[in-house]
Undergrad: 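Before anything else, here's the structure in question.
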Amino acid sequence: MMISNKKNNQNPLDMDYAGTVQWAHDYIKHEEELGHVLKKPSPALLTTIYAKMVVEGSIVAGKYVKLACERHLKDLKKSKEDPNYPWKFDEYKAWRPIRFVESKCKPSKGDFDKLVMQPWQHFIVGCMFGWVSKASGKRRFRESLIFLGRKNGKLVSPF
């Protein structure tokens, strides 16, 4: 899906350098307004909110991300409706590592004071740490394998 400039509906790949830079500024501003890009830490856990937005289509995502979001939402529903379902989503346990990262970790490059985790990162970390056994409180997922393209750890846009 190609995102076009609102003003002239021109493909950014067909623009000159200055036009592409302006398009990128406009795009990032638009994403910030939608809440897809955060400049400061979120006051709430975004795991379930992100999953709902991906499933409804307001956040564009690939096949496997959509499936993970659907699983999260189905499991939430099962944990509330089925008393025999062995797992529950504990928001406090999901929120702890996110608060730790945002308050204690600093990027290794750049002049940033702290990391600001984005909604997709809330989803990954929230799912890893938030799903626990109803009986014991131990984590459901003890290991995870996450594939990201190079430079995706970058949390602040260069624009």
Side-chain angles (χ1 to χ4, degrees), residues 1 3 12 20-81 85-159:
M1 180 174 139
I3 300 167
T20 304
V21 169
Q22 184 58 47
W23 177 89
H25 282 290
D26 294 344
Y27 176 74
I28 291 169
K29 184 178 177 186
H30 179 68
E31 289 295 304
E32 287 173 4
E33 291 168 0
L34 293 174
H36 299 172
V37 174
L38 303 176
K39 288 286 189 187
K40 57 185 177 180
S42 171
L45 181 66
L46 301 176
T47 303
T48 302
I49 295 168
Y50 177 83
K52 287 178 181 177
M53 292 176 80
V54 166
V55 169
E56 75 183 13
S58 63
I59 294 178
V60 178
K63 174 183 172 182
Y64 296 111
V65 173
K66 287 180 186 177
L67 290 173
C69 291
E70 288 172 3
R71 183 195 65 216
H72 176 74
L73 296 175
K74 286 178 187 175
D75 288 350
L76 274 176
K77 187 176 179 182
K78 278 191 239 175
S79 71
K80 291 175 184 169
E81 294 174 355
Y85 191 68
W87 308 107
K88 69 176 182 175
F89 187 71
D90 185 338
E91 287 206 11
Y92 176 76
K93 289 187 178 181
W95 191 231
R96 271 188 67 177
I98 294 169
R99 283 195 318 252
F100 175 81
V101 167
E102 289 184 333
S103 65
K104 305 287 185 199
C105 298
K106 183 179 177 184
S108 61
K109 294 183 180 178
D111 57 351
F112 306 106
D113 294 332
K114 59 186 171 185
L115 289 171
V116 176
M117 292 184 71
Q118 299 303 303
W120 63 272
Q121 293 167 319
H122 274 247
F123 177 73
I124 292 170
V125 174
C127 283
M128 285 190 319
F129 288 89
W131 282 104
V132 296
S133 169
K134 285 182 180 177
S136 67
K138 292 185 179 178
R139 289 183 18 211
R140 177 181 182 181
F141 303 111
R142 301 295 298 169
E143 295 180 8
S144 62
L145 181 62
I146 302 163
F147 289 96
L148 294 173
R150 289 186 59 212
K151 305 286 184 170
N152 263 326
K154 200 175 272 186
L155 299 173
V156 178
S157 168
F159 299 108

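Along the sequence shown, residues carry numbers from 1. Keep in mind it's a predicted model, so treat the numbers as computed, not measured. The basis for the numbers below is simple: all heavy atoms, side chains too, and nothing from hydrogens, waters or symmetry mates.
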Undergrad: If every non-hydrogen atom of Cys69 is compared with every non-hydrogen atom of Val55, which pair is closest and at what distance?
TA: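 Shortest heavy-atom separation between Cys69 and Val55 comes out as CB-CG2, 3.9 Å.
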Undergrad: For a quick test of your reading: what N or O donor-acceptor pairs under 3.5 Å do the side chains of residues 86-95 make, sequence neighbours left out?
TA:
from  : atom 1 : to     : atom 2 : distance (Å)
Asp90 : OD1    : Tyr92  : N      : 3.0
Asp90 : OD1    : Lys93  : N      : 3.4
Lys93 : NZ     : Gly137 : O      : 2.9

Undergrad: If you compare all heavy atoms of Phe141 against all heavy atoms of Cys127, which two are closest, and at what distance to 0.1 Å?
TA: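 Closest pair (atom of Phe141, atom of Cys127, distance): CD1-O, 3.4 Å.
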Undergrad: Are the side chains of Met128 and Pro97 in contact, using a 4.5 Å heavy-atom criterion?
TA: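 Side-chain contact under 4.5 Å: no.
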Undergrad: Counting only heavy atoms not in Arg99, do more than 12 fall under 6.0 Å of its CZ?
TA: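 Buried by this count: over 12 neighbours within 6.0 Å.
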Undergrad: Determine yes or no for a side-chain-to-main-chain donor-acceptor pair under 3.5 angstrom, with Lys138 supplying the side chain and Ser133 the backbone.
TA: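 Pair absent, no side-chain N/O of Lys138 close to backbone of Ser133.
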Undergrad: Scan the side chains in residues 42-52 for donor-acceptor partners under 3.5 Å anywhere in the protein, sequence neighbours excluded, and list what turns up.
TA:
from  : atom 1 : to     : atom 2 : distance (Å)
Ser42 : OG     : Ala44  : N      : 3.2
Ser42 : OG     : Ala44  : O      : 2.7
Thr47 : OG1    : His122 : O      : 2.9
Thr48 : OG1    : His72  : NE2    : 3.1

Undergrad: Could you grab the distance from atom NE2 of His30 to atom CD of Glu33, nearest 0.5 Å is fine?
TA: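 Atom-to-atom, His30:NE2 and Glu33:CD are 7.0 Å apart.
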Undergrad: Side chains of Pro119 and Phe123, heavy atoms from C-beta outward: is any pair under 4.5 Å?
TA: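 Pro119 vs Phe123: side chains apart.
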Undergrad: Can you list the residues that meet the salt bridge (Lys or Arg N to Asp or Glu O under 4.0 Å) rule with Arg140, with sequence neighbours excluded?
TA: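 Testing Arg140 for salt bridge (Lys or Arg N to Asp or Glu O under 4.0 Å), a comparison that skips the adjacent residues, returns Asp75.
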Undergrad: Could you check whether atom NZ of Lys80 has more than 12 heavy atoms from other residues, nucleotides or ligands sitting under 6.0 Å from it?
TA: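 Incorrect, the count does not exceed 12.
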Undergrad: Look at the side chain of Glu102 and the backbone N and O of Phe100, then say whether any donor-acceptor pair between them is shorter than 3.5 Å.
TA: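 Flag not set: sc Glu102 to bb Phe100 has no pair under 3.5 Å.
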Undergrad: Which heavy atom of Thr20 sits nearest a heavy atom of Pro12, and at what distance?
TA: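 The answer is OG1-O, 3.2 Å.
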Undergrad: What pair of heavy atoms forms the shortest contact from Gln118 to Leu38, and how long is it?
TA: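 Heavy atoms only, the tightest pair is OE1-N, 2.6 Å.
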Undergrad: State the CZ-CG distance between Arg71 and Leu76, to the nearest 0.5 angstrom.
TA: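 Reported to 0.5 Å precision, the distance equals 11.0 Å.
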Undergrad: Is the shortest side-chain heavy-atom distance between Gln121 and Ile124 below 4.5 Å?
TA: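 No, every pair of side-chain atoms sits at 4.5 Å or beyond.
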